[in-house]
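This report refers to the structure that appears directly beneath it.
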Amino acid sequence: MTFLYMVEYKLVGDAYVPIGVWCVGKSGGLDVEVRMLPGHAEEQEEADWVINRLVESGVERVGREFLEHHQETLSPYRGMRSEIVETDRYPTREALFADLLKQIREGKIR
């Protein structure tokens, strides 16, 4: 499958620390999900709120523009979001999240 994703970073002290992943698929329906590492409940809640607003508004599909918009909505005083990456490396969204969150925990994504 093909996915678009970006990594979310939180400003901690004077450094941006990766804390989660935003993912948009290219299948039918509202194929978007955001997952944060444990310990970032506030950021997860904010991301869930964004997705809930889409559902409540009846949005049926999002794409690159959704991620581009959300790259710009986070104040640099709170964090940042990475460039958008398109990949077909993962067979499922679960595999994408498992790998990328593991890389964040292991310090391979900085």
Side-chain angles (χ1 to χ4, degrees):
M1 290 194 71
T2 301
F3 298 100
L4 300 170
Y5 74 87
M6 66 183 176
V7 176
E8 180 158 337
Y9 294 80
K10 182 175 184 171
L11 183 61
V12 178
D14 61 353
Y16 290 107
V17 177
I19 63 167
V21 177
W22 292 61
C23 177
V24 171
K26 292 192 172 185
S27 66
L30 187 58
D31 192 4
V32 60
E33 187 174 354
V34 182
R35 291 193 193 170
M36 301 294 168
L37 291 174
H40 299 283
E42 180 180 334
E43 291 85 356
Q44 184 68 60
E45 186 174 319
E46 288 177 21
D48 291 345
W49 182 80
V50 168
I51 294 171
N52 286 340
R53 282 189 49 218
L54 292 172
V55 172
E56 290 170 358
S57 298
V59 174
E60 295 181 9
R61 185 163 169 76
V62 297
R64 179 177 288 273
E65 70 284 347
F66 171 80
L67 295 178
E68 289 170 348
H69 170 75
H70 286 284
Q71 279 179 310
E72 300 170 4
T73 61
L74 185 59
S75 166
Y77 296 107
R78 293 187 59 217
M80 66 174 238
R81 296 184 178 117
S82 73
E83 74 281 349
I84 298 166
V85 177
E86 183 169 348
T87 184
D88 60 0
R89 178 178 171 201
Y90 303 100
T92 66
R93 185 171 33 205
E94 287 300 319
L96 179 141
F97 280 119
D99 181 50
L100 294 176
L101 293 173
K102 178 181 177 195
Q103 287 185 55
I104 290 172
R105 283 190 301 275
E106 293 175 349
K108 294 178 181 174
I109 294 178
R110 297 179 182 253

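By convention here, the first residue in the shown sequence is residue 1. Heavy-atom basis, side chains included; hydrogens, waters and symmetry copies ignored.
- With values rounded to the nearest 0.5 angstrom, Arg105 atom CZ is found 10.5 Å from Leu100 atom CG.
- Among residues two or more places apart in sequence or in another chain, the salt bridge (Lys or Arg N to Asp or Glu O under 4.0 Å) test is passed with Glu43 by Lys10.
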For residues 74-86, run the donor-acceptor check on the side chains, cut-off 3.5 Å, and write out each pair with its distance to 0.1 Å, sequence neighbours left out.
residue: Ser75; atom: OG; partner: Tyr77; partner atom: N; Å: 3.1
residue: Arg78; atom: NH2; partner: Glu46; partner atom: OE1; Å: 3.3
residue: Arg78; atom: NH2; partner: Glu46; partner atom: OE2; Å: 3.1
residue: Arg81; atom: NE; partner: Glu8; partner atom: OE1; Å: 3.1
residue: Arg81; atom: NH1; partner: His70; partner atom: O; Å: 2.3
residue: Arg81; atom: NH1; partner: Thr73; partner atom: OG1; Å: 3.3
residue: Arg81; atom: NH2; partner: Glu8; partner atom: OE1; Å: 3.3
residue: Ser82; atom: OG; partner: Val7; partner atom: N; Å: 2.8
residue: Glu86; atom: OE2; partner: Lys26; partner atom: NZ; Å: 3.1

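- Residue-environment remark: CD (Glu45) stays at or below the threshold of 12 foreign heavy atoms within 6.0 Å.
- Transitive grouping of hydrophobic side chains (ILVMFWY, heavy atoms separated by less than 4.5 Å) brings Leu4 and Leu30 into a common cluster.
- Both Leu96 and Leu101 belong to a single network of hydrophobic side chains, linked directly or stepwise wherever heavy atoms of I, L, V, M, F, W or Y lie under 4.5 Å apart.
- Residue Arg110 places its CZ atom among 12 or fewer non-hydrogen atoms of other residues, nucleotides or ligands, all under 6.0 Å distant.
- One finds the CD1 atom of Ile109 at 13.0 Å from the CD1 atom of Ile19 (value rounded to the nearest 0.5 Å).
- Under the 4.5 Å side-chain heavy-atom criterion for Ile, Leu, Val, Met, Phe, Trp and Tyr, Tyr9 and Val50 are members of distinct hydrophobic clusters.
- Taking every heavy atom of both residues into account, Leu11 and Asp14 meet most closely at CD1-C, 4.1 Å.
- Annotation for Ala47 and Val34: closest pair CB-CG1, 3.5 Å, computed over non-hydrogen atoms.
- If you take CD on Gln71 and NE2 on His69, they are separated by 11.0 Å, rounding to the nearest 0.5 Å.
- Few gaps surround CD on Glu68; more than 12 heavy atoms of other groups in view lie less than 6.0 Å from it.
- The backbone N or O of Met36 sits less than 3.5 Å from a side-chain atom of Gln44, completing a donor-acceptor pair.
- The line from CZ of Phe97 to CD1 of Ile104 is 10.0 Å long, rounded to the nearest 0.5 Å.
- When hydrophobic clusters are built by joining Ile, Leu, Val, Met, Phe, Trp and Tyr residues whose side-chain heavy atoms come closer than 4.5 Å, directly or via intermediates, Phe66 is not grouped with Val21.
- The two residues Phe3 and Cys23 make their nearest non-hydrogen contact at CD2-SG, 3.7 Å.
- Hydrophobic clustering, with ILVMFWY side chains joined whenever heavy atoms are under 4.5 angstrom apart, groups Tyr5 together with Tyr16.
- Closest approach of Glu33 and Ile51 over heavy atoms only: CA-CD1, 3.9 Å.
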